[in-house]
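Have a look at the structure below, then the notes.
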Amino acid sequence: MYWHLVVFNKLRQFQDLGHQAILIIGDFTTTIGDPSGRSSTRPVLTEAEIRQNAETYLEQAFRILDKDKTRVVYNSEWFSKMSFSDCLGLARKMTVARMLERDDFSKRHRENVPISIIEFLYPLVQGYDSLILDADVELGGTDQLFNNLVGRSLQKDAGKSQQIVMTLPLLVGLDGVKKMSKSQDNYIAFNDSPKDMFGKIMSISDTTMWDYYRLLLLYSAEEVKELESAHPMECKKALASKLVGRFHGPEAADAARAEFELVFSKNRIPDEMPEFLWSAVATGSEESLVNVMAATGLFASKKEIGRFIQQGAVKLDGNAVSDTMLRLSCPEPPVVVQVGKRVFFRIR
RNA sequence: GGUGGGAUAUCCAAGUUGGCCAAAGGAAUCUGACUGUAAAUCAGCCGGGCGCAGCCCUUCGGGGGUUCGAAUCCCUCUCCCACCA
């Protein structure tokens, strides 16, 4: 996910300056659930899901980080060995009053939204990571400030030198309002296809775009200012090209840009799209458009398809369809069905 | 431990003298218009099936019941909140 790029970028800078990075996989922590910024308790993931997540995470990380200067640790290494009395000993280090300093907790407490005790433990658990690893700098989003500071107290308590906490601005998601996160489904993934990635970036708002320039491409304030005099759309295309290029290479970026311009700026039909054989989507020589579309499995229901047609979102070879009862026969030559701005498929 | 309040669609939230409830309103998503797949604005849609101005099915925390008929009444279970202890 793109948000990670913000942290990875910073880590990479540290590496380039000769530091070693440690990535902590919170495989243990995940079983608790991070309360950050959410109003209800997070569902617990299974072990298999956690492992899978960790793998994709690392794969993404090493697109940016220097593998030789990175150490990967799993926090289950130390937490799974802890006894209950160890746990209580850790809990002793924190008071409820201090915990309620945390904005998220005090807010939920005020509004009578449940806070599970286990969530109170989370900052301690995370702080303990720093203690075990003798961290000297910890990076995180601004929403992690409290948790990271707990690491400092634990280190101080243990008579060790205290880590520096460096918080990084959160990345706004595609909606332009909430922070980018998986649960909000407003994210761009590192492994999104070039086409999707390009499209997602083009859909962000102009204000969000400058954040992306600064946080993802590390543009300085002056550089951004300079760009602001250009046409925003051009800036956005440039942003999209650069980012797609970073993950998929320059050729893919050029191709994605070319296709975007063809399809959305010139309203042309893209070259590549899913294809369905007539025999696979129809039962006889004639079939209703609704049934044919439903058979592709691209839509939630026939009701939805009916709505699309009524609203003029469906086009056959570029011509809008208005009749919900329209019947088709095996198309010759193949026909291109377009739904909305970005769904295309061909029937042959 | 006691008493009271609550659980409604993706989220928030009406509805609880039983029928007019597939369920008000808001938000989000989605579609159309305008555009630059930006923002703002306007309009529409917003459970599913049927050749569909109609009919049918599933839904109001879970299960059971009363009734011609239940989101609404009764029983029970689960979870949440508040006050008292």
Side-chain angles (χ1 to χ4, degrees), chain A residues 37-43 107-117 119 172-179 181-188 192-213 227-241 243-244 256-270 282-284 286-295 297-315 318-328 337-344:
Chain A
R38 57 192 64 242
S39 49
S40 56
T41 352
R42 180 188 267 189
K107 194 171 157 221
R108 284 163 67 188
H109 186 60
R110 256 200 323 278
E111 292 170 359
N112 297 326
V113 179
I115 303 169
S116 126
I117 292 291
E119 292 179 56
V172 177
L174 295 175
D175 53 83
V177 181
K178 296 181 196 133
K179 76 167 179 178
S181 78
K182 221 162 206 163
S183 54
Q184 293 294 341
D185 198 30
N186 62 355
Y187 65 97
I188 306 172
D192 275 341
S193 71
K195 186 175 137 228
D196 283 348
M197 198 181 269
F198 201 97
K200 282 183 181 179
I201 295 167
M202 288 309 287
S203 78
I204 64 173
S205 72
D206 290 356
T207 37
T208 307
M209 163 169 69
W210 308 122
D211 282 347
Y212 280 30
Y213 262 109
L227 278 177
E228 280 174 346
S229 58
H231 192 295
M233 188 182 61
E234 288 306 321
C235 295
K236 211 176 286 176
K237 280 183 188 170
L239 173 73
S241 290
L243 286 167
V244 172
R257 178 174 179 140
E259 180 171 330
F260 177 86
E261 286 171 345
L262 193 73
V263 175
F264 295 105
S265 305
K266 295 184 185 146
N267 277 318
R268 298 268 280 283
I269 289 165
T283 46
E286 208 183 83
E287 188 66 81
S288 74
L289 174 61
V290 173
N291 284 134
V292 168
M293 287 170 69
L298 295 170
F299 306 96
S301 68
K302 292 184 185 176
K303 281 264 197 224
E304 183 185 76
I305 295 168
R307 267 177 244 133
F308 280 137
I309 295 175
Q310 271 173 357
Q311 298 182 133
V314 178
K315 290 179 186 168
N319 303 311
V321 177
S322 57
D323 178 12
T324 49
M325 293 300 149
L326 184 70
R327 297 188 69 80
L328 299 178
V337 182
Q338 176 179 182
V339 182
K341 289 176 202 153
R342 52 202 132 154
V343 177
F344 294 89

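The sequence lines fix the lettering, A, B, ..., with proteins before strands; numbering per chain opens at 1. None of the values given here were measured: they were computed from a predicted structure. Quick note: numbers below take in every heavy atom, side chains included, and nothing from hydrogens, waters or symmetry partners.
- Rounded to an integer number of Å, the gap from Glu286(A) CD to rG51(B) P is 13 Å.
- If you take CG on Asp196(A) and CD1 on Ile201(A), they are separated by 11.0 Å, rounding to the nearest 0.5 Å.
- Rounded to the nearest 0.5 angstrom, Gln310(A) CD and Thr324(A) OG1 are separated by 6.0 Å.
- Rounded to whole Å, the separation between the P atoms of rC75(B) and rG4(B) comes to 13 Å.
- As rounded to the nearest Å, rC12(B) and rU29(B) have C1' atoms that lie 15 Å from one another.
- Taking 4.0 angstrom as the limit, Arg307(A) places none of its side-chain polar atoms (N or O) nearer than this to OP1 or OP2 of rU29(B).
- Side chain of Arg342(A), nearest nucleotide from rU31(B), rG36(B), rG51(B): rU31(B).
- Remark: P of rA22(B) and NZ of Lys303(A) are 14 Å apart, rounded to the nearest angstrom.
- At a threshold of 4.0 angstrom between heavy atoms, the contacts of Thr324(A) with the nucleic acid are absent.
- Look at Ser301(A) and you'll find a side-chain N or O under 4.0 angstrom from OP1 or OP2 of rG48(B).
- One can place CD1 of Ile201(A) at 14 Å from C1' of rA38(B), the figure rounded to the nearest angstrom.
- Distance check on atom C1': rC52(B) versus rU66(B) gives 36 Å, rounded to whole Å.
- Nearer to the 5' terminus of RNA chain B, by closest-nucleotide assignment, is the contact made by Gly340(A) (compared with the other of Gly340(A) and Val290(A)).
- Note that OH of Tyr212(A) is 10.5 Å distant from NZ of Lys236(A), once rounded to the nearest 0.5 Å.
- Atom CG in Asp206(A) sits about 17 Å away from atom P in rU35(B), given to the nearest Å.
- Of the candidates rG32(B), rG36(B), rC50(B), the closest approach to any side-chain atom of Ala313(A) belongs to rG32(B).
- Here Ser288(A) contributes atom OG and Lys302(A) contributes atom NZ; the two are 7.0 Å apart, rounded to the nearest 0.5 Å.
- The Lys236(A) side chain lies nearest to rA38(B) when the options are rA38(B), rU31(B), rG48(B).
- The Pro232(A) side chain lies nearest to rG36(B) when the options are rG36(B), rA39(B), rC50(B).
- To the nearest angstrom, P of rG51(B) lies 14 Å from CG of Leu326(A).
- Taking atom P on both nucleotides, rC83(B) is separated from rU31(B) by 47 Å, rounded to a whole Å.
- In Lys195(A), the NZ atom is not crowded: 12 or fewer heavy atoms of neighbouring residues, nucleotides or ligands sit closer than 6.0 Å.
- Mapping Gly312(A) and Met209(A) onto RNA chain B by nearest heavy atom places Gly312(A) at the nucleotide closer to the 5' end.
- Within 4.0 Å (heavy atoms only), Phe308(A) reaches sugar-phosphate atoms of the nucleic acid but no base atom.
- Using a 4.0 Å heavy-atom cutoff across all strands shown, Lys237(A) reaches no nucleic acid atom at all.
- Both the sub-6.0 Å distance and the 45° axial angle are satisfied by Lys200(A) relative to the ring of Tyr187(A).
- Across rA9(B) and rC46(B), the matching C1' atoms stand 10 Å from one another, rounded to whole Å.
- Atom CD in Gln311(A) sits roughly 14 Å away from atom P in rA43(B) (whole-Å rounding).
- rC30(B) and rU10(B): their C1' atoms are spaced 12 Å apart (whole Å).
- Atom CD1 of Ile204(A) and atom P of rG36(B) are 18 Å apart (whole Å).
- Taking atom CG on Leu262(A) and atom P on rG36(B), their separation rounds to 17 Å, with Å as the unit.
- Base contact: Gly199(A) has a heavy atom under 4.0 Å from a base atom.
- Taking a cutoff of 4.0 Å between a charged side-chain nitrogen and a carboxylate oxygen, Glu234(A) and Arg257(A) qualify as a salt bridge.
- Only the C1' atoms considered, rC34(B) is 15 Å distant from rG44(B), to the nearest whole Å.
- For the C1' atom pair drawn from rC68(B) and rG62(B), the interatomic distance equals 27 Å after rounding to whole Å.
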